[in-house]
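Quick notes on the structure that follows.
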2 protein chains.
Amino acid sequence: MNATARLDRTLAALADPHRRQVVELLRERPRRAGELAEAAGLSPPAMSRHLRTLRASGLVEERHDGFDARVRVYRLTPAPMTELTEWLRETEEMWADQLSAFRKHMLARGDAA
Amino acid sequence: MNATARLDRTLAALADPHRRQVVELLRERPRRAGELAEAAGLSPPAMSRHLRTLRASGLVEERHDGFDARVRVYRLTPAPMTELTEWLRETEEMWADQLSAFRKHMLARGDAA
DNA sequence: TTAATATTTAACGCATATGTGAACTATATC
DNA sequence: GATATAGTTCACATATGCGTTAAATATTAA
């Protein structure tokens, strides 16, 4: 999968408020699927699908609990967000350059910055 | 509009590859609607709708050209991306804390980090 | 071995997003 | 004034996303 498609999936995954809530919960600590469903006020099937989407985007990973194999524990995997952060940084950097060039232009004209 | 809804719109706007391409083009310099349509290989109506979405998310703004009032020039407005960057920063920060806590835990147990 | 638990998958309905061609608005050019 | 140009909006078809309930899977507990 190329970088564009990965950014697509990452952004689409984070565009849903329930999934973003999951990320916020998982950034504190790993949690069980059922715990996430309850915290988000969603039915288990609904949460299961969100978790599938998050898994497909690479934002979270699933593990089986050591004691009770029915339980699935989800945890954050930061790589996709790092890639997104990098894209945003480049965009903002470019904009900052553009802005400073604009200011320089204005100063050269004698206008106030 | 609250922060969650704004993040929603920003992320949804950026989740489309054509719209992200528009942002990438605009981070170089402002451009005309028609120029963006051609660059993205889209029909004018399709691009017009993407631009409406980007406008609604606050990522771009539209201005009328000074010489030819038919022409609409689009430019980037960075505020929404700043907010998104902030959200990502918090998330990654939390994850870094978690990782360092995990390493500390492992070190305390005498395992290799 | 039967029943309960944790989670996922399947089938369905509904809302929303995307692209296309046709029609519309506003402005410029001849 | 007639026509061309830049861009948008409309109407339509198709596709995708989200939630719900019912059923299936796997595992633990009684």
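Side-chain atoms are counted along with the backbone in the values below, which use heavy atoms only and exclude waters and symmetry mates. Residue numbers start from 1 in every chain, and the chains themselves are labelled A, B, ... in the order their sequence lines are given, proteins ahead of strands.
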Charged N to carboxylate O under 4.0 angstrom, [X] versus [Y]?
X       : Y       : value
A/Glu83 : A/Arg9  : no
B/Arg72 : B/Glu61 : no
B/Glu86 : B/Arg89 : yes

Which nucleotide sits closest to the side chain of [X]: [options]?
X       : options                : answer
B/Glu62 : C/dT27, D/dT8, C/dT7   : D/dT8
A/Asp68 : C/dT27, C/dT8, D/dT28  : D/dT28
A/Pro45 : C/dA10, D/dT27, C/dG21 : C/dA10
A/Val71 : D/dT28, C/dA6, D/dG7   : C/dA6
A/Arg32 : D/dT9, D/dA6, C/dA6    : C/dA6
A/His50 : D/dC18, C/dA28, D/dT28 : D/dC18

Sugar-phosphate, base or nothing in reach of A/Arg49, heavy atoms under 4.0 Å: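 Base contact.
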
Nearest whole Å is fine: how far is [N] [atom2] from [X] [atom1]?
X       : N      : atom1 : atom2 : value
A/Leu36 : C/dT7  : CG    : C1'   : 12 Å
A/Asp65 : C/dT7  : CG    : C1'   : 13 Å
A/Phe67 : D/dA29 : CZ    : P     : 12 Å
B/Glu38 : D/dG7  : CD    : C1'   : 15 Å
B/Arg31 : D/dA6  : CZ    : C1'   : 18 Å
A/Arg72 : D/dA26 : CZ    : P     : 10 Å
A/Arg52 : D/dG19 : CZ    : C1'   : 14 Å
B/Tyr74 : D/dG7  : OH    : P     : 9 Å

A/His50 (side chain) donor-acceptor with A/Arg19 (main chain) under 3.5 angstrom: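 It does not hold such a pair.
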
Side-chain N or O of B/Ser43 closer than 4.0 Å to phosphate OP1/OP2 of C/dT20: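 For C/dT20, OP1/OP2 do have a side-chain N/O of B/Ser43 under 4.0 Å.
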
Between B/Glu92 and B/Trp87, a side-chain donor and acceptor under 3.5 Å: no

Minimum heavy-atom separation for [X] and [Y], please, with both atom names.
X       : Y       : value
B/Arg20 : A/Thr4  : NH2-O, 3.0 Å
A/Ser48 : A/Arg55 : O-NH2, 4.4 Å
A/Gly58 : A/Pro80 : O-CG, 3.3 Å

Position toward the 5' end of DNA chain D (nearest nucleotide), B/Leu51 or A/Met47: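 The residue mapped nearer the 5' terminus is B/Leu51.
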
Which residue lies more 5' along DNA chain D, comparing B/Arg55 with A/Ala46 via nearest heavy atoms: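 Result: B/Arg55.
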
hbond_proxy A/Arg70 side chain to C/dT5 base (donor-acceptor, 3.5 Å cutoff): yes

For DNA chain C, the residues among residues 8-20 of chain A that have a non-hydrogen atom under 4.0 Å from it: none

